[in-house]
Undergrad: 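This is the structure I have questions about; it appears just below.
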Amino acid sequence: MVLGRAPQSAQPSEAQPRILLTVAPAPPGHIVLFWPPAILLLAIACIGAERWRAWYALMPDAARAVLAPPSWLPDPLAAIEASLFLAGLVAIVGRNFDLFRRVWRALRSDDFHHALYAVAALEALTFVTRASSLGFDYQRLSLGPFGQETGILSRRILEVALSYFTHLNGALFILFHFLAVFMLLTLSRAYLRRRDAAVTFLPFLSIATCSFAIFQFQYPGYPDVLALSLVLCAVLAELGIEALLAIIVLALLTHEALAAALLLPLLAPLPRRFWPILALPFALYFLLWAADFGFDFGAAWRAQMHYQGLSGPEAVATRPGTVLFGILAANKLLLLAIAAQLVYVARGFGAAAAARLAAPLAAVAVMCVLSYDTSRMVEVGFLTLLVSWSGCLRRWPPRFATAIAIANLLLPSLYVSPYFSRPLGIIWPPGLYSTYHLFRADTD
(Lines give C-alpha, C1' and ligand atoms only; values in the text may rest on other atoms or scores of the structure.)
Protein backbone atom coordinates (compact mmCIF):
# COMPACT_ATOMS: atom_id res chain seq x y z
CA MET A 1 0.00 0.00 0.00
CA VAL A 2 1.33 3.45 -0.92
CA LEU A 3 1.93 5.70 2.07
CA GLY A 4 -0.98 8.08 2.65
CA ARG A 5 -3.34 6.24 0.30
CA ALA A 6 -5.93 3.80 1.60
CA PRO A 7 -6.86 0.61 -0.23
CA GLN A 8 -9.87 0.96 -2.54
CA SER A 9 -12.24 -0.68 -0.08
CA ALA A 10 -11.32 1.93 2.53
CA GLN A 11 -11.81 5.02 0.41
CA PRO A 12 -15.54 5.36 -0.19
CA SER A 13 -15.32 9.14 0.04
CA GLU A 14 -13.19 9.38 -3.09
CA ALA A 15 -15.76 7.88 -5.42
CA GLN A 16 -18.92 8.24 -3.38
CA PRO A 17 -21.55 8.53 -6.14
CA ARG A 18 -24.07 10.35 -3.95
CA ILE A 19 -21.57 12.99 -2.81
CA LEU A 20 -22.16 11.99 0.82
CA LEU A 21 -25.61 13.50 1.34
CA THR A 22 -27.14 11.48 4.17
CA VAL A 23 -30.35 12.00 6.10
CA ALA A 24 -31.41 10.66 9.47
CA PRO A 25 -35.18 10.03 9.75
CA ALA A 26 -37.23 11.82 12.38
CA PRO A 27 -40.71 11.22 13.81
CA PRO A 28 -43.37 13.09 11.73
CA GLY A 29 -44.50 15.14 14.72
CA HIS A 30 -40.99 16.45 15.26
CA ILE A 31 -41.15 18.86 12.28
CA VAL A 32 -44.72 20.15 12.61
CA LEU A 33 -43.48 23.45 14.03
CA PHE A 34 -41.09 23.86 11.09
CA TRP A 35 -43.83 24.51 8.54
CA PRO A 36 -45.50 27.76 9.76
CA PRO A 37 -42.31 29.87 9.55
CA ALA A 38 -41.29 28.12 6.33
CA ILE A 39 -44.60 28.92 4.64
CA LEU A 40 -44.43 32.48 5.95
CA LEU A 41 -40.96 33.02 4.46
CA LEU A 42 -41.93 31.52 1.11
CA ALA A 43 -45.12 33.62 0.96
CA ILE A 44 -43.22 36.86 1.63
CA ALA A 45 -40.70 35.97 -1.09
CA CYS A 46 -43.16 34.81 -3.74
CA ILE A 47 -46.12 37.16 -3.44
CA GLY A 48 -45.65 40.72 -4.60
CA ALA A 49 -46.83 43.81 -2.81
CA GLU A 50 -49.54 44.51 -5.41
CA ARG A 51 -51.10 41.10 -4.72
CA TRP A 52 -51.12 41.62 -0.95
CA ARG A 53 -52.78 45.02 -1.43
CA ALA A 54 -55.38 43.55 -3.79
CA TRP A 55 -56.25 40.84 -1.29
CA TYR A 56 -56.44 43.40 1.50
CA ALA A 57 -58.83 45.53 -0.56
CA LEU A 58 -61.16 42.52 -1.01
CA MET A 59 -61.52 41.97 2.73
CA PRO A 60 -64.65 43.07 4.58
CA ASP A 61 -64.47 46.50 6.17
CA ALA A 62 -64.39 44.99 9.67
CA ALA A 63 -61.39 42.82 8.80
CA ARG A 64 -59.53 45.73 7.20
CA ALA A 65 -60.17 47.82 10.30
CA VAL A 66 -58.61 45.13 12.51
CA LEU A 67 -55.62 44.60 10.20
CA ALA A 68 -55.05 48.26 9.37
CA PRO A 69 -51.36 49.14 9.97
CA PRO A 70 -50.34 52.19 12.01
CA SER A 71 -50.60 55.40 10.04
CA TRP A 72 -47.16 56.56 11.16
CA LEU A 73 -45.36 53.82 9.19
CA PRO A 74 -44.05 55.27 5.88
CA ASP A 75 -44.34 51.87 4.14
CA PRO A 76 -46.50 49.62 6.34
CA LEU A 77 -46.31 46.54 4.11
CA ALA A 78 -42.51 46.67 3.92
CA ALA A 79 -42.21 47.06 7.70
CA ILE A 80 -44.60 44.18 8.36
CA GLU A 81 -42.86 41.91 5.86
CA ALA A 82 -39.42 42.74 7.29
CA SER A 83 -40.53 41.94 10.84
CA LEU A 84 -42.28 38.70 9.86
CA PHE A 85 -39.41 37.60 7.62
CA LEU A 86 -36.85 38.14 10.35
CA ALA A 87 -39.03 36.26 12.84
CA GLY A 88 -39.47 33.33 10.44
CA LEU A 89 -35.77 33.25 9.62
CA VAL A 90 -34.79 33.23 13.29
CA ALA A 91 -37.31 30.43 13.93
CA ILE A 92 -35.98 28.17 11.16
CA VAL A 93 -32.29 28.83 11.82
CA GLY A 94 -32.77 28.58 15.57
CA ARG A 95 -34.51 25.20 15.29
CA ASN A 96 -31.62 23.92 13.15
CA PHE A 97 -28.73 25.83 14.67
CA ASP A 98 -26.92 22.57 15.42
CA LEU A 99 -26.49 22.05 11.67
CA PHE A 100 -24.49 25.25 11.29
CA ARG A 101 -22.57 24.50 14.48
CA ARG A 102 -21.50 21.13 13.03
CA VAL A 103 -20.47 22.82 9.80
CA TRP A 104 -18.40 25.35 11.75
CA ARG A 105 -16.69 22.55 13.65
CA ALA A 106 -15.80 20.90 10.34
CA LEU A 107 -13.71 23.90 9.34
CA ARG A 108 -10.00 24.22 10.10
CA SER A 109 -7.68 27.20 10.29
CA ASP A 110 -5.96 26.28 7.01
CA ASP A 111 -9.37 26.33 5.28
CA PHE A 112 -9.79 29.96 6.32
CA HIS A 113 -6.21 30.86 5.40
CA HIS A 114 -6.39 29.33 1.93
CA ALA A 115 -9.79 30.94 1.32
CA LEU A 116 -8.43 34.36 2.28
CA TYR A 117 -5.40 33.97 0.00
CA ALA A 118 -7.70 32.77 -2.81
CA VAL A 119 -9.93 35.84 -2.44
CA ALA A 120 -6.87 38.08 -2.82
CA ALA A 121 -5.60 36.11 -5.84
CA LEU A 122 -8.98 36.02 -7.59
CA GLU A 123 -9.42 39.74 -7.02
CA ALA A 124 -6.04 40.29 -8.68
CA LEU A 125 -7.21 38.19 -11.64
CA THR A 126 -10.42 40.22 -12.05
CA PHE A 127 -9.86 43.73 -10.57
CA VAL A 128 -13.56 44.03 -9.72
CA THR A 129 -14.49 46.17 -6.73
CA ARG A 130 -18.19 46.88 -7.20
CA ALA A 131 -21.41 45.15 -8.11
CA SER A 132 -22.18 44.87 -11.81
CA SER A 133 -24.85 43.61 -14.19
CA LEU A 134 -27.77 42.20 -12.16
CA GLY A 135 -25.52 42.40 -9.12
CA PHE A 136 -26.16 46.13 -9.16
CA ASP A 137 -29.91 45.46 -9.11
CA TYR A 138 -29.46 43.20 -6.09
CA GLN A 139 -27.42 45.94 -4.44
CA ARG A 140 -30.24 48.40 -5.04
CA LEU A 141 -32.76 45.86 -3.72
CA SER A 142 -30.70 45.45 -0.54
CA LEU A 143 -31.70 49.00 0.45
CA GLY A 144 -35.34 47.90 0.75
CA PRO A 145 -35.93 44.22 -0.02
CA PHE A 146 -39.46 44.13 1.42
CA GLY A 147 -42.70 45.49 0.05
CA GLN A 148 -41.50 44.94 -3.54
CA GLU A 149 -43.87 44.32 -6.40
CA THR A 150 -43.65 41.08 -8.37
CA GLY A 151 -40.39 40.51 -10.20
CA ILE A 152 -37.83 37.77 -10.67
CA LEU A 153 -35.30 39.44 -8.40
CA SER A 154 -37.82 40.25 -5.68
CA ARG A 155 -38.35 36.51 -5.06
CA ARG A 156 -34.61 35.95 -4.57
CA ILE A 157 -34.70 37.70 -1.28
CA LEU A 158 -32.48 35.91 1.23
CA GLU A 159 -29.09 37.43 0.40
CA VAL A 160 -30.41 40.98 0.14
CA ALA A 161 -32.46 40.49 3.32
CA LEU A 162 -29.37 39.32 5.23
CA SER A 163 -27.38 42.31 3.99
CA TYR A 164 -30.30 44.55 4.96
CA PHE A 165 -30.57 43.13 8.48
CA THR A 166 -26.80 43.31 9.05
CA HIS A 167 -26.66 46.86 7.61
CA LEU A 168 -24.12 45.70 5.02
CA ASN A 169 -26.42 46.93 2.28
CA GLY A 170 -26.37 49.68 -0.29
CA ALA A 171 -22.79 50.86 -0.73
CA LEU A 172 -21.63 48.14 1.69
CA PHE A 173 -23.39 45.36 -0.24
CA ILE A 174 -20.16 44.57 -2.09
CA LEU A 175 -18.49 43.91 1.28
CA PHE A 176 -21.30 41.55 2.25
CA HIS A 177 -20.89 39.77 -1.09
CA PHE A 178 -17.17 39.20 -0.68
CA LEU A 179 -17.63 37.98 2.88
CA ALA A 180 -20.07 35.43 1.45
CA VAL A 181 -17.53 34.49 -1.24
CA PHE A 182 -14.88 34.02 1.45
CA MET A 183 -17.20 31.61 3.25
CA LEU A 184 -17.94 29.74 0.00
CA LEU A 185 -14.23 29.23 -0.61
CA THR A 186 -13.69 28.17 3.00
CA LEU A 187 -16.45 25.56 2.74
CA SER A 188 -15.13 24.38 -0.63
CA ARG A 189 -11.65 23.89 0.75
CA ALA A 190 -13.04 22.04 3.77
CA TYR A 191 -15.00 19.73 1.47
CA LEU A 192 -11.90 18.93 -0.57
CA ARG A 193 -9.94 18.26 2.62
CA ARG A 194 -12.69 16.06 4.06
CA ARG A 195 -12.37 13.89 0.96
CA ASP A 196 -8.71 13.30 1.84
CA ALA A 197 -7.43 15.29 -1.10
CA ALA A 198 -3.92 16.75 -1.00
CA VAL A 199 -5.20 20.32 -0.94
CA THR A 200 -2.19 22.55 -1.11
CA PHE A 201 -2.85 26.13 -2.13
CA LEU A 202 -2.02 25.76 -5.83
CA PRO A 203 -4.63 23.09 -6.71
CA PHE A 204 -7.17 24.91 -4.56
CA LEU A 205 -6.59 28.24 -6.29
CA SER A 206 -6.70 26.48 -9.65
CA ILE A 207 -10.17 25.03 -9.04
CA ALA A 208 -11.32 28.41 -7.73
CA THR A 209 -10.70 29.88 -11.21
CA CYS A 210 -13.55 27.68 -12.50
CA SER A 211 -16.98 29.24 -12.91
CA PHE A 212 -18.49 28.43 -9.51
CA ALA A 213 -15.99 30.70 -7.74
CA ILE A 214 -14.56 33.14 -10.25
CA PHE A 215 -17.97 34.24 -11.51
CA GLN A 216 -18.56 35.73 -8.05
CA PHE A 217 -15.66 38.09 -8.86
CA GLN A 218 -16.42 38.70 -12.51
CA TYR A 219 -19.97 39.86 -11.73
CA PRO A 220 -20.24 40.51 -7.97
CA GLY A 221 -23.60 40.77 -6.29
CA TYR A 222 -25.45 37.70 -7.55
CA PRO A 223 -27.01 35.46 -4.86
CA ASP A 224 -25.45 32.31 -6.34
CA VAL A 225 -22.70 32.35 -3.73
CA LEU A 226 -25.23 31.81 -0.95
CA ALA A 227 -27.00 28.95 -2.75
CA LEU A 228 -23.69 27.16 -3.36
CA SER A 229 -22.68 27.63 0.28
CA LEU A 230 -25.96 26.15 1.53
CA VAL A 231 -25.37 23.04 -0.59
CA LEU A 232 -21.87 22.69 0.85
CA CYS A 233 -23.34 22.92 4.35
CA ALA A 234 -25.63 20.03 3.43
CA VAL A 235 -22.78 17.77 2.32
CA LEU A 236 -20.38 18.75 5.11
CA ALA A 237 -22.71 17.91 8.02
CA GLU A 238 -24.86 14.94 8.91
CA LEU A 239 -28.43 16.05 8.38
CA GLY A 240 -31.69 15.38 10.10
CA ILE A 241 -34.79 15.62 7.94
CA GLU A 242 -35.71 19.05 9.31
CA ALA A 243 -32.21 20.38 8.74
CA LEU A 244 -32.38 19.26 5.12
CA LEU A 245 -35.80 20.87 4.75
CA ALA A 246 -34.31 24.08 6.17
CA ILE A 247 -31.52 23.97 3.58
CA ILE A 248 -34.11 23.54 0.82
CA VAL A 249 -36.26 26.43 2.02
CA LEU A 250 -33.27 28.76 2.46
CA ALA A 251 -31.97 27.83 -1.00
CA LEU A 252 -35.39 28.51 -2.55
CA LEU A 253 -35.41 31.92 -0.86
CA THR A 254 -31.97 32.57 -2.34
CA HIS A 255 -32.55 31.56 -5.97
CA GLU A 256 -35.36 29.17 -6.87
CA ALA A 257 -33.89 27.87 -10.14
CA LEU A 258 -30.44 27.28 -8.67
CA ALA A 259 -32.00 25.60 -5.64
CA ALA A 260 -33.77 23.06 -7.85
CA ALA A 261 -30.72 22.48 -10.07
CA LEU A 262 -28.32 22.10 -7.15
CA LEU A 263 -30.47 20.04 -4.80
CA LEU A 264 -32.59 17.73 -6.94
CA PRO A 265 -29.60 15.65 -8.17
CA LEU A 266 -28.59 15.17 -4.52
CA LEU A 267 -32.08 14.40 -3.25
CA ALA A 268 -33.06 11.90 -5.95
CA PRO A 269 -30.76 9.06 -4.75
CA LEU A 270 -32.13 9.27 -1.19
CA PRO A 271 -34.56 6.55 -0.05
CA ARG A 272 -37.96 7.05 -1.61
CA ARG A 273 -39.66 7.30 1.76
CA PHE A 274 -38.10 10.78 2.05
CA TRP A 275 -39.29 12.00 -1.34
CA PRO A 276 -42.82 13.22 -0.43
CA ILE A 277 -41.69 15.40 2.46
CA LEU A 278 -38.61 16.72 0.62
CA ALA A 279 -40.80 17.65 -2.34
CA LEU A 280 -43.12 19.69 -0.12
CA PRO A 281 -41.02 22.92 -0.01
CA PHE A 282 -40.76 22.88 -3.81
CA ALA A 283 -44.52 22.30 -4.11
CA LEU A 284 -45.29 25.12 -1.68
CA TYR A 285 -42.99 27.49 -3.55
CA PHE A 286 -44.65 26.59 -6.85
CA LEU A 287 -48.16 27.13 -5.47
CA LEU A 288 -47.27 30.49 -3.92
CA TRP A 289 -45.47 31.57 -7.09
CA ALA A 290 -48.53 30.63 -9.15
CA ALA A 291 -50.87 32.37 -6.69
CA ASP A 292 -48.93 35.59 -7.22
CA PHE A 293 -49.97 35.44 -10.89
CA GLY A 294 -53.56 34.50 -10.09
CA PHE A 295 -52.73 30.93 -11.18
CA ASP A 296 -52.21 32.19 -14.74
CA PHE A 297 -49.41 29.74 -15.49
CA GLY A 298 -48.80 31.19 -18.94
CA ALA A 299 -48.12 34.65 -17.54
CA ALA A 300 -45.94 33.21 -14.79
CA TRP A 301 -43.90 31.20 -17.28
CA ARG A 302 -43.41 34.15 -19.62
CA ALA A 303 -42.29 36.38 -16.77
CA GLN A 304 -39.79 33.73 -15.68
CA MET A 305 -38.42 32.78 -19.08
CA HIS A 306 -38.49 35.99 -21.12
CA TYR A 307 -36.37 38.20 -18.94
CA GLN A 308 -35.24 41.23 -20.96
CA GLY A 309 -37.21 39.93 -23.95
CA LEU A 310 -35.12 36.82 -24.65
CA SER A 311 -35.56 33.30 -23.36
CA GLY A 312 -32.77 30.81 -22.78
CA PRO A 313 -34.14 28.25 -25.26
CA GLU A 314 -34.32 30.94 -27.95
CA ALA A 315 -30.71 31.91 -27.28
CA VAL A 316 -29.58 28.29 -27.42
CA ALA A 317 -31.43 27.69 -30.68
CA THR A 318 -29.83 30.77 -32.18
CA ARG A 319 -26.23 30.08 -31.08
CA PRO A 320 -25.79 26.43 -29.98
CA GLY A 321 -22.04 26.52 -30.62
CA THR A 322 -21.61 29.41 -28.21
CA VAL A 323 -23.51 27.51 -25.51
CA LEU A 324 -21.30 24.46 -25.98
CA PHE A 325 -18.18 26.61 -25.83
CA GLY A 326 -19.45 28.28 -22.64
CA ILE A 327 -19.94 24.90 -20.98
CA LEU A 328 -16.42 23.82 -21.93
CA ALA A 329 -14.83 27.13 -20.94
CA ALA A 330 -16.42 27.28 -17.49
CA ASN A 331 -14.33 24.50 -15.93
CA LYS A 332 -11.37 24.83 -18.32
CA LEU A 333 -8.80 22.02 -18.08
CA LEU A 334 -10.41 20.50 -15.00
CA LEU A 335 -12.89 18.93 -17.40
CA LEU A 336 -10.12 16.33 -17.65
CA ALA A 337 -10.50 15.63 -13.94
CA ILE A 338 -14.26 15.22 -14.30
CA ALA A 339 -13.85 12.81 -17.21
CA ALA A 340 -11.15 10.84 -15.41
CA GLN A 341 -13.21 10.53 -12.23
CA LEU A 342 -16.32 9.39 -14.07
CA VAL A 343 -14.31 6.70 -15.85
CA TYR A 344 -12.76 5.63 -12.55
CA VAL A 345 -16.14 5.41 -10.83
CA ALA A 346 -17.72 3.56 -13.75
CA ARG A 347 -14.95 0.95 -13.76
CA GLY A 348 -14.77 0.51 -10.00
CA PHE A 349 -18.38 0.99 -8.94
CA GLY A 350 -20.48 0.53 -12.06
CA ALA A 351 -22.34 2.70 -14.53
CA ALA A 352 -25.12 3.51 -12.06
CA ALA A 353 -22.62 4.99 -9.60
CA ALA A 354 -21.04 7.07 -12.36
CA ALA A 355 -24.48 8.29 -13.42
CA ARG A 356 -25.23 9.44 -9.88
CA LEU A 357 -21.94 11.31 -9.72
CA ALA A 358 -22.71 12.89 -13.10
CA ALA A 359 -26.27 13.87 -12.13
CA PRO A 360 -25.29 17.51 -11.39
CA LEU A 361 -23.94 17.70 -14.94
CA ALA A 362 -27.41 16.87 -16.24
CA ALA A 363 -28.67 19.83 -14.22
CA VAL A 364 -25.98 21.93 -15.93
CA ALA A 365 -27.35 20.97 -19.35
CA VAL A 366 -30.91 21.86 -18.32
CA MET A 367 -29.92 25.21 -16.83
CA CYS A 368 -27.79 26.15 -19.83
CA VAL A 369 -30.86 25.65 -22.04
CA LEU A 370 -33.26 27.52 -19.75
CA SER A 371 -30.88 30.42 -19.08
CA TYR A 372 -28.58 32.36 -21.37
CA ASP A 373 -25.99 32.78 -18.57
CA THR A 374 -24.10 29.79 -19.94
CA SER A 375 -20.71 29.84 -18.21
CA ARG A 376 -22.38 30.98 -15.00
CA MET A 377 -24.92 28.13 -15.03
CA VAL A 378 -22.14 25.54 -15.21
CA GLU A 379 -21.64 26.30 -11.52
CA VAL A 380 -24.56 24.02 -10.63
CA GLY A 381 -22.25 21.07 -11.36
CA PHE A 382 -19.64 22.26 -8.90
CA LEU A 383 -19.97 19.27 -6.55
CA THR A 384 -19.07 16.90 -9.39
CA LEU A 385 -16.08 19.16 -10.07
CA LEU A 386 -14.98 19.17 -6.42
CA VAL A 387 -15.36 15.40 -6.09
CA SER A 388 -13.53 14.79 -9.36
CA TRP A 389 -10.62 17.10 -8.56
CA SER A 390 -10.19 15.64 -5.10
CA GLY A 391 -10.19 12.09 -6.50
CA CYS A 392 -7.66 12.94 -9.18
CA LEU A 393 -5.38 14.68 -6.68
CA ARG A 394 -5.26 11.40 -4.80
CA ARG A 395 -4.59 9.17 -7.79
CA TRP A 396 -2.59 11.25 -10.23
CA PRO A 397 1.20 11.53 -9.85
CA PRO A 398 1.96 14.77 -7.96
CA ARG A 399 3.93 16.30 -10.83
CA PHE A 400 1.16 15.64 -13.32
CA ALA A 401 -1.52 17.02 -10.96
CA THR A 402 0.61 20.13 -10.39
CA ALA A 403 1.08 20.62 -14.12
CA ILE A 404 -2.68 20.41 -14.71
CA ALA A 405 -3.32 22.84 -11.84
CA ILE A 406 -0.81 25.38 -13.20
CA ALA A 407 -2.07 25.09 -16.78
CA ASN A 408 -5.67 25.48 -15.61
CA LEU A 409 -4.72 28.52 -13.55
CA LEU A 410 -2.95 30.14 -16.49
CA LEU A 411 -5.85 29.51 -18.87
CA PRO A 412 -8.09 32.61 -18.74
CA SER A 413 -11.50 32.39 -17.10
CA LEU A 414 -14.13 33.89 -19.40
CA TYR A 415 -17.76 34.80 -19.13
CA VAL A 416 -19.63 33.28 -22.09
CA SER A 417 -23.25 33.84 -23.08
CA PRO A 418 -25.19 33.50 -26.35
CA TYR A 419 -27.01 36.70 -25.38
CA PHE A 420 -24.03 38.81 -26.49
CA SER A 421 -23.28 39.20 -30.20
CA ARG A 422 -19.55 38.70 -29.83
CA PRO A 423 -17.30 35.95 -31.20
CA LEU A 424 -18.23 32.83 -29.21
CA GLY A 425 -20.20 35.06 -26.81
CA ILE A 426 -17.02 35.92 -24.86
CA ILE A 427 -16.97 38.77 -22.36
CA TRP A 428 -13.49 39.61 -21.09
CA PRO A 429 -13.43 40.78 -17.47
CA PRO A 430 -10.77 43.25 -16.30
CA GLY A 431 -7.75 42.04 -14.34
CA LEU A 432 -4.70 39.96 -15.07
CA TYR A 433 -6.59 37.54 -17.31
CA SER A 434 -7.26 40.43 -19.71
CA THR A 435 -3.55 40.18 -20.60
CA TYR A 436 -4.65 37.59 -23.16
CA HIS A 437 -6.91 40.25 -24.68
CA LEU A 438 -4.25 42.96 -24.76
CA PHE A 439 -5.57 44.32 -21.43
CA ARG A 440 -8.90 45.24 -23.04
CA ALA A 441 -11.88 44.45 -20.84
CA ASP A 442 -15.50 44.32 -21.97
CA THR A 443 -16.81 45.31 -18.52
CA ASP A 444 -15.78 48.20 -16.28
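Values in this document were obtained by computation on a predicted structure and should not be read as measured data.
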Undergrad: If every non-hydrogen atom of Ala237 is compared with every non-hydrogen atom of Leu99, which pair is closest and at what distance?
TA: CB-CD1, 3.7 Å
Undergrad: Nearest 0.5 angstrom please: Gln218 CD to Ile427 CD1, how far?
TA: 10.5 Å
Undergrad: Are side-chain heavy atoms of Leu122 and Leu185 found at a separation under 4.5 Å?
TA: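 Result yes, sub-4.5 Å side-chain heavy-atom pair found.
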Undergrad: Closest approach of Ala329 and Val416, non-hydrogen atoms and distance?
TA: CB-CG2, 4.4 Å
Undergrad: Gln139 side chain to Gly221 main-chain N or O, any donor-acceptor pair under 3.5 Å?
TA: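 No; zero donor-acceptor contacts below 3.5 Å.
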Undergrad: Under the side-chain contact (heavy atoms from CB on, under 4.5 Å) rule, what do Asp110 and Arg193 come out as? Steps first, then yes or no, please.
TA: CA-CA 10 Å; Asp110 54 341; Arg193 176 178 50 76; 4.3 Å; yes
Undergrad: With a 4.5 Å heavy-atom cut-off, do Leu385 and Cys210 have their side chains touching?
TA: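 Side-chain contact under 4.5 Å: yes.
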Undergrad: Please name the residue in the list Leu230, Leu192, Leu236 that meets the side chain to side chain contact (heavy atoms under 4.5 Å, CB included) test with Leu187.
TA: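 The passing option is Leu236.
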Undergrad: Check whether any side-chain heavy atom of Leu250 sits under 4.5 Å from a side-chain heavy atom of Leu226, and report yes or no.
TA: no
Undergrad: Are Asp373 and Tyr415 close enough that a side-chain donor and a side-chain acceptor fall under 3.5 Å?
TA: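 Asp373 vs Tyr415: donor-acceptor pair found between side chains.
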Undergrad: Run the numbers on Arg108 and Asp111 for side-chain contact (heavy atoms from CB on, under 4.5 Å), then give the verdict.
TA: CA-CA 5 Å; Arg108 299 290 181 267; Asp111 299 328; 3.7 Å; yes
Undergrad: Can you tell me how far CE of Met183 sits from CZ of Phe112, rounded to the nearest 0.5 angstrom?
TA: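 Those atoms lie 5.0 Å apart.
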Undergrad: Compile the donor-acceptor pairs under 3.5 Å between side chains in residues 34-48 and protein atoms, sequence neighbours left out, one pair per line.
TA:
none

Undergrad: Any side-chain heavy atom of Thr126 sitting closer than 4.5 Å to one from Tyr433?
TA: no
Undergrad: May I have the step-by-step check of ring pair (Phe, Tyr, Trp, His ring centres under 6.0 Å) for Tyr191 and Trp389, ending in yes or no?
TA: CA-CA 11 Å; Tyr191 186 61; Trp389 189 223; over 10 Å; no
Undergrad: Restricting to non-hydrogen atoms, name the atom on Ala268 and the atom on Trp275 that form the minimum distance, rounded to 0.1 Å.
TA: O-CZ2, 3.0 Å
Undergrad: Any donor-acceptor pair under 3.5 Å linking the side chain of Ser371 with the backbone of Cys368?
TA: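 Here the side-chain-to-backbone pair does not exist.
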Undergrad: Counting N and O atoms only, with roles assigned by atom type, does the side chain of Ser413 sit under 3.5 Å from a partner on the main chain of Thr209, one being a donor and the other an acceptor?
TA: yes
Undergrad: Any non-hydrogen side-chain atom of Thr129 less than 4.5 Å from a side-chain atom of Phe178?
TA: no
Undergrad: Does Val128 offer a backbone N or O that forms a donor-acceptor pair with the side chain of Glu123 under 3.5 Å?
TA: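 Between the backbone of Val128 and the side chain of Glu123 there is a qualifying donor-acceptor contact (under 3.5 Å).
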Undergrad: Going by atom type alone, with no hydrogens or angles, which donor-acceptor pairs under 3.5 Å involve a side-chain atom of residues 276-283 and a protein atom two or more places apart or on another chain?
TA:
none

Undergrad: Aromatic rings Tyr222 and Tyr219: how do their planes relate, parallel, tilted or perpendicular, breaks at 30° and 60°?
TA: perpendicular
Undergrad: For Ala171 and Ile174, work out which heavy atoms get closest and say how close.
TA: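 Ala171 and Ile174 have their closest heavy atoms at O-CG2, 3.9 Å.
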Undergrad: Backbone N or O of Phe204 within a donor-acceptor pair of the Arg189 side chain at under 3.5 Å?
TA: no
Undergrad: Are Thr384 and Val364 side-chain neighbours, meaning at least one heavy-atom pair lies under 4.5 Å?
TA: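 No, side chains not in contact.
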Undergrad: To the nearest 0.5 Å, what is the distance between CG (Leu202) and CD1 (Ile207)?
TA: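 So the gap between those two atoms works out to 12.0 Å.
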Undergrad: Decide yes or no for Phe293 and Thr150: does some side-chain heavy atom of the first lie under 4.5 Å from some side-chain heavy atom of the second?
TA: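 Phe293 reaches Thr150 side chain to side chain.
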Undergrad: State plainly whether the residues Arg101 and Asp98 are in salt-bridge range, i.e. N to O under 4.0 Å.
TA: yes
Undergrad: If I take atom CG from residue Leu184 and atom CG from residue Leu228, how far apart are they, to the nearest 0.5 angstrom?
TA: 5.5 Å
Undergrad: How about CH2 on Trp104, more than 12 heavy atoms from neighbouring residues, nucleotides or ligands closer than 6.0 Å, or not?
TA: no
Undergrad: Apply ring pair (Phe, Tyr, Trp, His ring centres under 6.0 Å) to the pair Phe127 and Phe217, showing each step before the final yes or no.
TA: CA-CA 8 Å; Phe127 286 1; Phe217 291 82; over 10 Å; no
Undergrad: Give a yes or no on whether the backbone of Gly170 and the side-chain of Ser142 come within a donor-acceptor separation of less than 3.5 Å.
TA: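 Flag set: sc Ser142 to bb Gly170 pair under 3.5 Å.
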Undergrad: For atom OH of Tyr56, decide whether the heavy atoms of other residues, nucleotides or ligands shown that lie under 6.0 angstrom number more than 12.
TA: yes
Undergrad: Sub-3.5 Å donor-acceptor pair from the side chain of Ser390 to the main-chain atoms of Leu386, do we have one?
TA: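 Yes; at least one donor-acceptor contact below 3.5 Å.
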Undergrad: Got a sec: does the OH of Tyr164 have more than 12 other heavy atoms crowding it under 6.0 Å?
TA: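 For Tyr164, atom OH is not crowded (no more than 12 foreign heavy atoms under 6.0 Å).
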Undergrad: Rounded to the nearest 0.5 Å, what's the gap from OG on Ser388 to CG on Leu361? Could you check?
TA: 7.5 Å
Undergrad: Please report the shortest heavy-atom distance between His255 and Pro223, naming the atom on each side.
TA: CD2-CG, 4.2 Å
Undergrad: Mind listing the closest non-hydrogen atom pair of Gly381 and Pro360 along with its distance?
TA: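 Result for this residue pair: CA-CB, 3.9 Å.
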Undergrad: For the atom pair CG (Asp137) and CG (Leu141), what is the distance rounded to the nearest 0.5 Å?
TA: 8.5 Å
Undergrad: Which of parallel (below 30°), tilted (30 to 60°) and perpendicular (above 60°) describes Phe201 and His114?
TA: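 Phe201 vs His114 ring planes: perpendicular.
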Undergrad: Show, in sequence, the C-alpha distance, side-chain angles and deciding distance for Val378 and Phe215, and conclude whether the side-chain contact (heavy atoms from CB on, under 4.5 Å) test is met.
TA: CA-CA 10 Å; Val378 177; Phe215 176 82; over 6 Å; no
Undergrad: Taking only residues two or more places apart in sequence, or in another chain, which ones meet Arg95 in a salt bridge (Lys or Arg N to Asp or Glu O under 4.0 Å)?
TA: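 Arg95 satisfies salt bridge (Lys or Arg N to Asp or Glu O under 4.0 Å) with Glu242 only.
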Undergrad: Out of Leu258, Leu263, Ile247, which residue meets the side chain to side chain contact (heavy atoms under 4.5 Å, CB included) rule with Val231?
TA: Leu263
Undergrad: For a side-chain contact (heavy atoms from CB on, under 4.5 Å) check, start with the C-alpha distance between Trp289 and Glu256, then their side-chain angles and the critical distance, and finish with the verdict.
TA: CA-CA 10 Å; Trp289 169 68; Glu256 74 293 338; over 6 Å; no
Undergrad: Is Phe173 close to Leu143 at the side-chain level, that is, under 4.5 Å between some pair of heavy atoms?
TA: no
